[in-house]
Amino acid sequence: MTVRTRVEDGGVAVVTLDRPERHNAIDLETADELAAVWRGFRMDESVRAVVLTGAGDRAFCTGIDRAVRVAQPPSPYSVDDPLLTIGPKANDLWKPVVAAVGGMACGGAFYLLGEAEFIVAAEHATFFDPHTSYGMVSAYEAVYMAQRMPMGEVARMALMGTAERLTARRAYEIGLVSEVTEAGADPVAAALRAAAVIASYPTAAVQGTVRAVWAAKEAALAQALAHAPQLIALGNLPPERQAGLFAARTPGFRTR
């Protein structure tokens, strides 16, 4: 199992990506397990709110595991993306999800963060999008972040690639993060406190509110995501050239 779950007293489930040795990157097994967890919570009345986090303090999630190989159809109009079904909303779960981020959150992590209600971050957390550095289009990631951040900040993060990382404080200033915990404090504990309050309220009202908030941006989101497969198919370098850029990467980056 690469995804751990537990349910706290009061109806809060904790979902933990459990691949710390891979910075909680998502392989096909993890993708399937996440989808099954969200679908299971739909039918579980004991779960009223969810905290989503990653094991260890080095990374929340670094997106898809680069060892994963997904066969693609020979058409520029379609892309098979295993991350499309890893989020709660993609699995029709409307119970509130609070993300607790420690360490790095990058690339495909935004499929998950983009479907959380709000984000709590440790002071040492960082956010970045490496796609352009490796000859890949940031499509789904940029679209999800455009729902949470000012457009200029989304564009800067997506275009700067690995050269720049958002600190938790900067992410808070631009609205990506709703709370930054003090140095050494556990963001999961802070997320659990918020989720416990939400879980104590009548669940039908809570879920209706979640649905209303998402309805406010649903049409624009659906239209934007519909363009993503073509942009990826037309703009991505071939996998072998991506791998070459990844192998030649330099560790230098700056935070802001």
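Any value given below was found using the heavy atoms of this structure, including those in side chains, with hydrogens, waters and symmetry copies removed.
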Of all heavy-atom pairs between [X] and [Y], which one has the smallest distance, and what is that distance?
X    : Y    : value
D81  : L83  : OD1-N, 2.9 Å
A233 : S75  : CB-O, 4.4 Å
P229 : L225 : CD-O, 3.5 Å
H23  : A59  : O-CB, 3.6 Å
L113 : A105 : CD1-CB, 4.0 Å

Within a reach of under 6.0 Å around [atom1] of [X], are more than 12 heavy atoms found that belong to other residues, nucleotides or ligands?
X    : atom1 : result
F246 : CZ    : yes
D80  : CG    : yes
E21  : CD    : yes
E240 : CD    : yes
R211 : CZ    : yes

Check whether any side-chain heavy atom of [X] sits under 4.5 Å from a side-chain heavy atom of [Y], and report yes or no.
X    : Y    : value
R42  : D92  : yes
Y140 : I232 : yes
F128 : E164 : no
V120 : T181 : yes
R19  : D65  : yes
L17  : L34  : yes
M145 : L176 : yes

Looking at [Y], is its backbone amide N or carbonyl O close enough to the side chain of [X] to form a donor-acceptor pair, meaning the two atoms are under 3.5 Å apart?
X    : Y    : result
T53  : V15  : no
E115 : K89  : yes
H124 : G103 : yes
N91  : W38  : no
Q147 : V143 : yes
D129 : C106 : no
H227 : A139 : no

Give, for atom [atom1] of [X] and atom [atom2] of [Y], the distance between the pair rounded to the nearest 0.5 Å.
X    : Y    : atom1 : atom2 : value
M157 : S138 : CE    : OG    : 7.5 Å
D18  : R4   : CG    : CZ    : 4.0 Å
Q72  : N236 : CD    : CG    : 9.0 Å
R39  : D44  : CZ    : CG    : 14.5 Å
T126 : R169 : OG1   : CZ    : 14.5 Å

Q. In terms of side-chain heavy atoms, does E33 have a donor or acceptor partner in T2 at a distance below 3.5 Å?
A.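 Indeed, the side chains of E33 and T2 share at least one donor-acceptor pair under 3.5 Å.
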Q) Could R165 and F127 be counted as a cation-pi pair, given that NZ or CZ must be under 6.0 Å from the ring centre and within 45° of the axis? A)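 No; the conditions do not both hold, so R165 does not lie above the ring face of F127.
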Q) Does the pair V51 and V12 meet the rule for a side chain to side chain contact (heavy atoms under 4.5 Å, CB included), with working shown? A) CA-CA 7 Å; V51 170; V12 178; 4.1 Å; yes
Q. Which word best sums up how the rings of W214 and W94 line up, parallel for under 30°, tilted for 30 to 60°, or perpendicular for over 60°?
A.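 W214 vs W94 ring planes: perpendicular.
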Q: Please identify each residue that fulfils ring-ring contact (aromatic ring centres under 6.0 Å, His included) with F41, with sequence neighbours left out.
A: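 Expected list: none.
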If you group Ile, Leu, Val, Met, Phe, Trp and Tyr by side-chain heavy-atom gaps below 4.5 Å, do [X] and [Y] land in one group?
X    : Y    : answer
V97  : V7   : yes
L237 : I64  : no
M136 : V154 : no
V206 : V98  : yes

**Q.** Ion pair R256/E153, N-O distance below 4.0 Å
**A.**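 Looking at E153 together with R256, the answer is yes, because their closest N to O distance falls below 4.0 Å.
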Q: Output yes when E117 and K95 qualify as a salt bridge under the 4.0 Å nitrogen-oxygen rule, no when they do not.
A: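 Salt bridge: no.
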Q: Verify whether the ring centers belonging to Y144 and F110 lie closer than 6.0 Å.
A: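 No, ring centres 6.0 Å or more apart.
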